[in-house]
Each structure stands twice: as C-alpha cells, then as structure tokens.
Protein chains: 2
Amino acid sequence: MPARLLAISDPNPSQARPAERDDMTLIGVARSLSRDQAVFAEGAAADFVYKVMSGAVRTFRLLADGRRQITGFFLPGDVFGIEARATHAATAEAICESVLVSARRASLGADGEALGQLSRCVLRELHRTRDHLLTLGRRSAVERLASFLIDLADRGRAADRLALPMSRQDIADYLGLTIETVSRTLTQMQASGLVRVDGRQVQLVRRAALADLCE
Amino acid sequence: MPARLLAISDPNPSQARPAERDDMTLIGVARSLSRDQAVFAEGAAADFVYKVMSGAVRTFRLLADGRRQITGFFLPGDVFGIEARATHAATAEAICESVLVSARRASLGADGEALGQLSRCVLRELHRTRDHLLTLGRRSAVERLASFLIDLADRGRAADRLALPMSRQDIADYLGLTIETVSRTLTQMQASGLVRVDGRQVQLVRRAALADLCE
DNA sequence: CGTTAGCTTGAGGTGCATCAAGGGACGTGG
DNA sequence: CCACGTCCCTTGATGCACCTCAAGCTAACG
C-alpha cells in the first residue's frame, strides 16, 4: 500500500459538518484499509493515534467466550486510538473501505497546542462514553436504538436521514443486544411510524418522538 | 463551613496506595460534605474540578422517569468533575461524610504540567469507563458484581477485603441492575464460596475465581 | 443456478425485573 | 425498659423483555 505524507485538518472541506469534529490536525501518514481490516489489536503498543478521513471504524473488546462489546464507532473527522496506558485496551477495525491518517503519539505531547486539541478529543470521547453508559445500563431496546439513530444522524450531515455503515451485528454489539432484537426492534419502530428502514438506509420520520424516547 | 487553603498531593501519605491515584496536586479550597449532599448538579457550570481527600463520591445521571445510572464512584485520591463542555453532564453527591478539595478549572489550563496531569486523569477515567461499558453491555449479574468487587478491592488498600461505602441501591444503579438482584447475587456468591458478605464488609475468599468470571 | 452473507421472522426459554412481604439495626419517645 | 418508627437489606412469587434456537427470505456473486 503506497503511503504519502499528509497534513490534513478537514477530510471533507466542502461539506457542512459539526465544527467540533474537525478541530484536530494530524500530520502523518495516510493509510487505506479494506473492510474488516484491523488498525490495531488489543494489547498492541499504543504509539500512534488515528484520524478517520473517510469510511468508518469500530473499536471493541472481547470476552473469553466471544461476547463482543463495541465501545465506539468513528466517522470521518473523528480521532481514535488514544490510550491511558502504553498498550491498546481495544481492537480497532475498519467497518468498510476507509482511509486514515496516523500520527506518532509522542509527536503530539511535545506541542502545547496539539496537547490541548488532544485533551479536547479525549474529553469529548469521555462524554460520549458516559452517554453510552446510561444507554447500556438503564435503557430498553427501543430506547437504545432511538438514541443510537439520533446520535448517528447528528454526526452525519443530514439530521433526519442516515446511511448506516455498520451491520446489524455491529449495532447489536454496540448496544448490548442481539442481532435479532435489533432487527425486530427496527421493524417495530417502522411499524409505529417512528422511522423508515430500508436495509442500511434509515429515515427518521418522527425525530421528536425518537428524541422523547431518550428523555 | 470553614474553608481553608490547601496544597495537597496525597490525602493518605502514610499509607501504601496505588501510585497512579495520587499523581495530581490540586491547590484550592477544602470542603466538607455530609452524606448525600450534592457537590454539583447536572447542568451546573463546570468551573471547578474536585479531588476526594476522604470519604466517597458518586456521579450519576437520571432519566425523566427516575431511572438512575451511576457513572462513577470516586475514592480518596480520585479527581472528578472535569467535563468536555461548559456544564456538568452528571450530578455528583457525597456517599458519606467526605472532604474534597476544589480547584478552578481555568487555573489548571494555564500550566503545562497541570494540563498533563489533568489529561492523564481524564485518560484514566476514559479507560475505566470503557471497562464499565463492557460490563454493562455484555456481562451477567454475577460477572458484574465480580468485576465490581475486584475493581473496588484493587483501589482499596487490601486486595481481598473491602468496606463498601455505598448502599446496595448505589451498586445496583452502577451495575445496571436492581437492588434485589444485587442482594440475591451477593448471597448466591457467598453460598458458592466466592465471597463472604457481612453487610457492607466484603471478603474476597476466592479472588482468582472471581477474576475468572471477568475473563 | 447454487452458494453465501446479511437480515428478518417465529417459537420457546430464561435471567433479571417487578411486586410484595419480612427481618434486623438503629433511633426516638414514652 | 419497651413500643414504634425508619432505613437498609433480604427473600419469595410471578412476569416479561430479551435471548436462544431455528428457519426462511433476498441480493450479490461465483
């Protein structure tokens, strides 16, 4: 795979996106990944941080018996791979064809401004992760899916329409459900007029009602 | 309440504790709290960060119908209250009589070293929160309690004995269970010889077996 | 066309929630 | 001293949301 040097702050300069997502500039090497290809494995040295330029990435942890918990989905503009320890606590994989930029973590610590950007990224992810905690700890299947869809729509460029990059199994492992429950709940939400689902295309028909489900 | 200025790095200098917990020095005002007293409320301005000197603190979020998710327990040496946004996303309350030190968040951002300490704190909490995600998403009630007890024992000063500062209801809201399930599961774990429980005193009898439950 | 991957749907089971009751520790007041 | 609460926890009986197991459906692709 040919690698080239890049200094990129915004992967989609022509499109309107939530400003917060693009506040970090990574100077590093671009890397293309095919579907399901690993970026790093749990336990590997955490020397690099990554920014998604295109595509999508999942991070997850496995229990010994194969149960999987996806801890995050990362879309263009998102940074991932920053760890508290020297090694990665989760595995990261491309969900579909994706392009990343990787930067040495050490090269960020030196610069004060980069450090500030980095800690803003981390704080934002902590915020998201706590939201996710509430979802996994206290919400029902419908509520989980509602908050998931709204979150994803907010991160995408259309507020009421989204193309899921991930499979039903990915969604299940993110929301702490089974693939069957995800599927059933989506059709049930469609039946009650909340959303329209066509494969991985989802339209949020009654966005306010969905938001109410998240309280 | 009389407040005095403090510069404290280690709340328990005479005791052996995990080194990681005491790497942040806060210069600020000491504050004593009685049981169930709020430190800050969800939505309040997040101008201060706090360090627990003695006692224990819980942070939590509520859904509209009263369901509660505790996002973290903070013990002596722990720092809490750092937010991605200008306001707190959770409420913080003292679990028992406690003493905190509070410091202006702005006073930390200025200093490069303090910033480094701060981001280390945040990274550590992100790490913990992701562990918690795996627990809430994919573990059974026994597994949840096992990982909870082991985590708490690791943070305390004895590896196989601990005094829970929080109620069964707090534990339930932390682990995404009901108080009845927590109670039942503890007695069942005692029956199978994993732990010995006497009110809020817990002894980890077969620590290795408990750890196996967490995989 | 057969095969596979991804998704949906159905039937039945179960882990945990819900509802309900009781017990022990502690305080308060007579 | 006992009677009475309240708080916290435990235990039991029952129900249900979601899981498990199983089958079928569609689209893509050799």
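By convention in this document, chain letters (A, B, ...) are assigned in the order of the sequence lines, proteins followed by strands, and residues within each chain are numbered from 1. Remember, it's a predicted structure, so these values are computed and weren't measured experimentally.
- In this structure, CG of A:Asp36 is placed 13 Å from C1' of C:dG6, rounded to the nearest angstrom.
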Criterion salt bridge (Lys or Arg N to Asp or Glu O under 4.0 Å) on A:Glu180 and A:Arg168, from CA distance to verdict: CA-CA 9 Å; A:Glu180 294 96 333; A:Arg168 297 291 192 268; over 6 Å; no

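- In this structure, the CZ atom of B:Arg200 is 19 Å from the P atom of C:dG24, given to the nearest Å.
- Along DNA chain C, the nucleotide closest to A:Arg138 and the one closest to A:Gly199 are compared, and the more 5′ of them pairs with A:Gly199.
- Spacing between atom CG of B:Asp65 and atom P of C:dA17 amounts to 15 Å, rounded to whole angstrom units.
- The existence of a salt bridge linking B:Arg68 and B:Asp170 is confirmed by a sub-4.0 Å separation between a basic side-chain nitrogen and an acidic carboxylate oxygen.
- As rounded to whole Å, 12 Å separates atom P of D:dC9 from atom CG of B:Asp173.
- For the pairing with B:Leu210, the side-chain contact (heavy atoms from CB on, under 4.5 Å) check across B:Asp160, B:Ile150, B:Val205 returns one residue only, B:Ile150.
- Relative to the side chain of A:Ser167, the nucleotides C:dC16, D:dT10, C:dC7 differ in distance, and C:dC7 lies closest.
- Distance, A:Leu177 CG to C:dG15 C1': 15 Å, rounded to whole Å.
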query: Please walk me through it: do B:Thr185 and B:Gln188 pass side chain to side chain donor-acceptor pair (under 3.5 Å)?
result: CA-CA 5 Å; B:Thr185 306; B:Gln188 164 191 332; 4.8 Å; no

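- Remark: C1' of D:dC7 and CD1 of B:Ile95 are 17 Å apart, rounded to the nearest angstrom.
- Between the CZ atom of A:Arg67 and the P atom of D:dC19 there is a distance of 12 Å, given to the nearest Å.
- Rounded to an integer number of Å, the gap from B:Leu164 CG to D:dC9 P is 9 Å.
- If you check residues 178-192 of chain A against DNA chain C, the residues with a heavy atom closer than 4.0 Å are A:Glu180, A:Ser183, A:Arg184, A:Thr187, listed by number.
- By the 30° and 60° cut-offs, the orientation of the rings of B:Tyr50 relative to B:His88 is tilted.
- Note on ring orientation: taking the six-membered ring where Trp is involved, the planes of B:Tyr174 and B:Phe73 are tilted (angle from 30° to 60°).
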